[in-house]
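Some notes on the structure that comes next.
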Amino acid sequence: MEHVYNILQDLGVEEIKLGNLCIGGCFLIWHCQNSRGDLPAYEYRTNHTGEWKNTPAYKMSSALEEREWDFIFTQQCSNHSGKAETYSDLDELMAYVKSLVKGNPTYGWHMTWAYAQGANHPAYVEYDHSQQKMYEDILNAVQTKIVPREDITRIIPSGTAIQNARAAIGDVLNRDGFHLTFDLGRYIAGLCVAKALVGLDIDNIRYAPEGVSDEQRKMAIAVVNAACQTPFAVTKI
């Protein structure tokens with residue numbers, strides 16, 4: 001979400017209001033538990049002007065009822081993103097969300113990325129310390145648990161866009177082995193949101209965050225376009 005405001009603005013969207021309910025490393029089941037108790041467990045990050053504002057101790061219900069959202073997307077924590085059996089918790093979470101939202105938003109799912117090869121995340125052992133295995137497990141989970149759903153109609157293929165970029169420039173898109181780099185990594189993910197969720201044409205985007213070269217901007221556009229066209233396989237750019 002970091003660069004989404006600037007991306008949307010550059011692509012001509014005139015009214016932009018972003019909300020992001022944050023708990024670091026939060027599993028779907030934790031979101032369900034928070035919803036059951038209506039707990040003020042979140043840092044709520046909002047952006048209406050181009051600057052992010054952080055509000056602590058926020059309830060999920062308050063964010064959902066705050067306005068008539070056009071798009072709402074969810075994701076599984078990276079640890080479990082390749083564990084299809086954990087996606088069953090999404091049924092409860094989606095039922096809660098739909099019970100509170102106003103209007104008729106479009107629902108999306110954010111496909112996260114595999115860890116960098118050699119990452120030291122403790123959960124990486126569950127994927128045999130293999131980036132390829134983790135990526136394939138993520139694809140399987142999304143294809144078997146998300147694609148068949150009728151309520152979630154958009155897949156944000158950040159995981160495949162990152163793999164496409166890794167194939168093009170190497171495994172250099174994670175700042176700590178699992179989180180994306182602040183500049184190019186997050187930019188690629190933001191472009192995925194703009195194209196796959198919002199449905200915008202990103203071909204002529206001029207904005208790129210500081211540190212991203214014009215060559216990298218063009219590469220990011222290409223890998224995102226390829227991921228949106230072929231979300232469940234790597235495309236060499």
Side-chain angles (χ1 to χ4, degrees), residues 1-24 26 31 42-55 58 60 63-64 66-78 81 97 101 103 105-113 142 146 152-162 164-165 173-175 178-214 216-229 231:
M1 292 289 284
E2 191 68 26
H3 300 297
V4 170
Y5 187 98
N6 291 330
I7 289 170
L8 297 181
Q9 185 178 56
D10 188 89
L11 293 174
V13 181
E14 295 181 356
E15 184 178 356
I16 306 167
K17 296 180 179 179
L18 306 177
N20 189 2
L21 287 162
C22 302
I23 298 177
C26 190
H31 291 302
Y42 296 88
E43 178 184 7
Y44 186 43
R45 304 186 68 232
T46 55
N47 191 337
H48 302 164
T49 63
E51 298 291 333
W52 286 98
K53 175 184 175 182
N54 297 346
T55 305
Y58 215 82
M60 190 192 316
L64 291 171
E66 179 182 88
R67 65 181 70 256
E68 190 170 314
W69 298 103
D70 295 306
F71 303 96
I72 296 175
F73 72 89
T74 54
Q75 70 175 49
Q76 176 60 293
C77 178
S78 65
S81 59
V97 170
V101 295
T106 296
Y107 294 103
W109 176 263
H110 183 228
M111 179 205 300
T112 57
W113 48 90
V142 175
I146 302 299
I152 295 177
T153 58
R154 306 284 175 90
I155 304 294
I156 306 169
S158 294
T160 292
I162 293 299
N164 289 347
L173 293 167
N174 299 96
R175 63 184 187 268
F178 34 99
H179 291 106
L180 294 177
T181 56
F182 292 107
D183 46 18
L184 183 57
R186 287 183 171 187
Y187 181 54
I188 291 171
L191 289 176
C192 281
V193 172
K195 184 174 180 69
L197 183 69
V198 186
L200 298 177
D201 182 346
I202 63 172
D203 287 352
N204 297 316
I205 188 168
R206 297 161 297 175
Y207 167 78
E210 184 177 354
V212 173
S213 68
D214 193 57
Q216 290 174 323
R217 176 187 62 84
K218 293 176 181 177
M219 181 275 296
I221 293 169
V223 299
V224 170
N225 279 334
C228 289
Q229 182 174 354

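Worth saying up front: this structure is predicted, and the values here are computed from it rather than measured.
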Note to self: Checking H179 now: which residues fulfil side chain to side chain contact (heavy atoms under 4.5 Å, CB included) with it, not counting sequence neighbours?
What the structure shows: R175, D176
Checklist line | Smallest separation among heavy atoms of M219 and A165, with atom names | finding: SD-CB, 4.0 Å
Below 3.5 Å, can you tabulate the donor-acceptor pairs from side chains in residues 183-200 to any protein atom, sequence neighbours excluded?
{"from": "D183", "atom 1": "OD1", "to": "T181", "atom 2": "OG1", "distance (Å)": "3.4"}
{"from": "R186", "atom 1": "NH1", "to": "E2", "atom 2": "OE1", "distance (Å)": "3.3"}
{"from": "Y187", "atom 1": "OH", "to": "Y207", "atom 2": "O", "distance (Å)": "2.6"}
{"from": "K195", "atom 1": "NZ", "to": "N225", "atom 2": "OD1", "distance (Å)": "3.3"}

Note to self: My understanding is that only residues two or more places apart in sequence, or in another chain, count here; which of them pass ring pair (Phe, Tyr, Trp, His ring centres under 6.0 Å) with Y5?
What the structure shows: none
Checklist line | From CZ (F71) to OG1 (T153), nearest 0.5 Å | finding: 9.0 Å
Notebook entry, point to check: Minimum heavy-atom separation for P231 to T160, with atom names?
Noted result: O-OG1, 2.5 Å
Margin query: Listing request: all salt bridge (Lys or Arg N to Asp or Glu O under 4.0 Å) pairs with a residue in residues 198-213, at least two apart in sequence or in separate chains.
Written below: D10-R206
Margin query: What I'd like to find out is whether the side chain of W52 reaches to under 4.5 Å of the side chain of L18, using heavy atoms alone.
Written below: yes
Notebook entry, point to check: With K218, which residues qualify under side chain to side chain contact (heavy atoms under 4.5 Å, CB included), at least two apart?
Noted result: D214
Notebook entry, point to check: CZ/R217 to CD1/I205 distance, rounded to the nearest 0.5 angstrom?
Noted result: 8.5 Å
Notebook entry, point to check: About how many Å separate CD1 of I72 and CG of L64, when rounded to the nearest 0.5 Å?
Noted result: 5.5 Å
Checklist line | Heavy-atom side-chain proximity of N174 to W113 below 4.5 angstrom | finding: yes
Check: In Å, rounded to the nearest 0.5 Å, how long is the span from CD1 of I156 to OG1 of T112?
Finding: 11.5 Å
Check: What's the spacing between L11 CG and I16 CD1 if we round to 0.5 Å?
Finding: 9.0 Å
Item checked: Sequence-distant partners of T46, side chain to side chain contact (heavy atoms under 4.5 Å, CB included), two or more places apart -> Y44, H48, K53
Check: Can you name the salt bridge (Lys or Arg N to Asp or Glu O under 4.0 Å) partners of E14, sequence neighbours left out?
Finding: none
Checklist line | Minimal non-hydrogen separation, Y58 against E66, with atom names | finding: OH-OE2, 3.4 Å
Next item on the list: Go through the structure and list residues passing side chain to side chain donor-acceptor pair (under 3.5 Å) with S78, not counting sequence neighbours.
Entry: Y115
Checklist line | Counterpart residues, side chain to side chain contact (heavy atoms under 4.5 Å, CB included), relative to N54 (two or more places apart) | finding: E43, R45
Next item on the list: Kindly compute the distance separating CG (N204) from CD1 (I221), expressed to the nearest 0.5 Å.
Entry: 7.5 Å
Item checked: Shortest non-hydrogen separation from P209 to H3 and the atoms involved -> CB-CE1, 3.4 Å
Checklist line | Test side chain to side chain donor-acceptor pair (under 3.5 Å) applied to H110 - qualifying residues, sequence neighbours left out | finding: Q75, S158
